[in-house]
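The structure appears below as structure tokens.
For this chain, numbers begin at 1 and follow the sequence in order.
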Amino acid sequence: QAQLVESGGGLVQAGGSLRLSCAASGRTFNIYGMGWFRQAPGKERAFVARIKRSNGNTYYADSVKGRFTISRDNAKNTVYLQMNSLKAEDTAVYYCAARNTYFSDTYYASRENEYDYWGQGTQVTVSS
């Protein structure tokens with residue numbers, strides 16, 4: 001199976017930027033897509049963005065569209081989440097996830113149970 005490790009979290013002021021990284025290792029050849037989720041204290045884990053490994057097709061949650069960008073570097077087995085114009089409401093633990101079954105460009109893959117592997121999470125705190 002694949003292992004995922006997130007990095008890049010930290011403390012930033014509202015309006016600032018952070019870039020998160022998720023590096024996959026181990027059995028990575030069967031990964032079709034990777035996504036980012038986040039969980040704020042006392043709340044359910046929520047979808048943020050996802051990307052297809054093959055063609056780079058992306059999908060975003062409405063709450064982050066226009067502010068966050070997901071990208072991939074397949075040679076490095078790494079996915080990134082560039083977060084701009086951060087708000088206090090973005091404060092959460094951010095998790096990387098990988099899906100090992102095919103999905104089309106029009107499939108959202110926005111639910112937790114549509115992913116097979118998860119990272120340990122990285123804390124993002126936005127101060128206001």
Side-chain angles (χ1 to χ4, degrees):
Q1 63 177 4
Q3 291 80 48
L4 308 177
V5 178
E6 303 99 331
S7 61
L11 174 64
V12 296
Q13 292 196 149
S17 298
L18 278 177
R19 189 176 78 156
L20 306 183
S21 298
C22 175
S25 61
R27 200 171 180 87
T28 62
F29 66 87
N30 60 340
I31 295 176
Y32 284 82
M34 298 182 70
W36 288 95
F37 290 73
R38 64 187 183 184
Q39 188 166 23
K43 295 187 176 181
E44 298 286 299
R45 190 170 298 185
F47 172 77
V48 176
R50 70 103 174 109
I51 189 166
K52 288 185 67 174
R53 188 180 187 180
S54 59
N55 64 3
N57 170 266
T58 59
Y59 176 70
Y60 297 90
D62 287 343
S63 59
V64 306
K65 195 173 299 180
R67 299 189 298 123
F68 291 10
T69 302
I70 189 170
S71 61
R72 78 202 197 285
D73 186 338
N74 287 346
K76 297 180 178 179
N77 285 319
T78 299
V79 170
Y80 305 95
L81 185 68
Q82 178 67 46
M83 305 185 294
N84 298 326
S85 301
L86 283 162
K87 307 173 181 179
E89 301 82 63
D90 296 317
T91 295
V93 176
Y94 283 70
Y95 296 91
C96 179
R99 176 181 169 93
N100 65 195
T101 52
Y102 170 83
F103 60 99
S104 69
D105 288 2
T106 57
Y107 190 78
Y108 293 165
S110 61
R111 297 175 293 188
E112 288 185 67
N113 63 7
E114 294 176 316
Y115 293 83
D116 302 284
Y117 310 114
W118 292 84
Q120 84 289 349
T122 186
Q123 177 71 48
V124 172
T125 302
V126 184
S127 64
S128 58

Closest non-hydrogen atoms of Thr78 and Ser21, given as atom of the first, atom of the second and distance, are CG2-CB, 4.4 Å
How far does CH2 of Trp36 sit from CD1 of Ile51, to the nearest 0.5 angstrom? 12.0 Å
Give the C-alpha distance, both sets of side-chain angles, the deciding distance and a yes or no for side chain to side chain contact (heavy atoms under 4.5 Å, CB included) between Glu6 and Leu20. CA-CA 7 Å; Glu6 303 99 331; Leu20 306 183; over 6 Å; no
Check Lys87 with Asp90, please: is the shortest side-chain N to carboxylate O separation under 4.0 Å? no
If I take atom SG from residue Cys22 and atom CZ from residue Arg72, how far apart are they, to the nearest 0.5 angstrom? 14.5 Å
Distance under 6.0 Å and angle within 45° of the ring axis: does Arg19 meet both against Tyr80? yes
Measure from the side-chain N and O atoms of Tyr115 to the backbone N and O of Gly33, and report whether any donor-acceptor pair falls under 3.5 Å. no
Distance in Å, Thr69 OG1 paired with Met83 CE, rounded so as to fall on 0.5 Å steps: 11.0 Å
Within a radius of less than 6.0 Å around NZ of Lys65, do more than 12 heavy atoms belonging to other residues, nucleotides or ligands occur? yes
Plane angle bin for Tyr32 and Tyr102 - parallel if under 30°, tilted between 30 and 60°, otherwise perpendicular: perpendicular
Backbone N/O of Tyr108 and side chain of Ser110: donor-acceptor pair under 3.5 Å: no
Measure the shortest side-chain to side-chain distance between Met34 and Cys96 over non-hydrogen atoms and say whether it is less than 4.5 angstrom. yes
Closest heavy-atom pair, Tyr60 versus Ala49, reported as atoms and distance to 0.1 Å, is CD2-CB, 3.6 Å
Between Arg53 and Asn30: side-chain donor-acceptor atoms closer than 3.5 Å: no
Give me the atom names and distance for the closest heavy-atom approach of Ile70 to Val79. CG1-CG1, 3.7 Å
Contact between Arg99 and Tyr107 at the side-chain level, heavy atoms closer than 4.5 Å - yes or no? yes
Pairwise side-chain contact, Thr106 with Tyr59, heavy-atom cut-off 4.5 Å (strictly under): no
Close side-chain approach of Val64 to Arg38, heavy-atom, < 4.5 Å: yes
Leu86 side chain near Phe68 side chain, heavy-atom distance below 4.5 Å: yes
Any idea which heavy atoms bring Ala24 and Leu4 closest together, and the distance? CB-CD2, 3.6 Å
Between Thr91 and Val126 (side chain of the first, backbone of the second, donor and acceptor by atom type, cut-off under 3.5 Å), is there such a pair? yes
Step by step, work out the side chain to side chain contact (heavy atoms under 4.5 Å, CB included) result for Trp118 and Glu112. CA-CA 10 Å; Trp118 292 84; Glu112 288 185 67; 4.1 Å; yes
Check against side chain to side chain contact (heavy atoms under 4.5 Å, CB included), Asn57 and Arg50: CA-CA 8 Å; Asn57 170 266; Arg50 70 103 174 109; 2.7 Å; yes
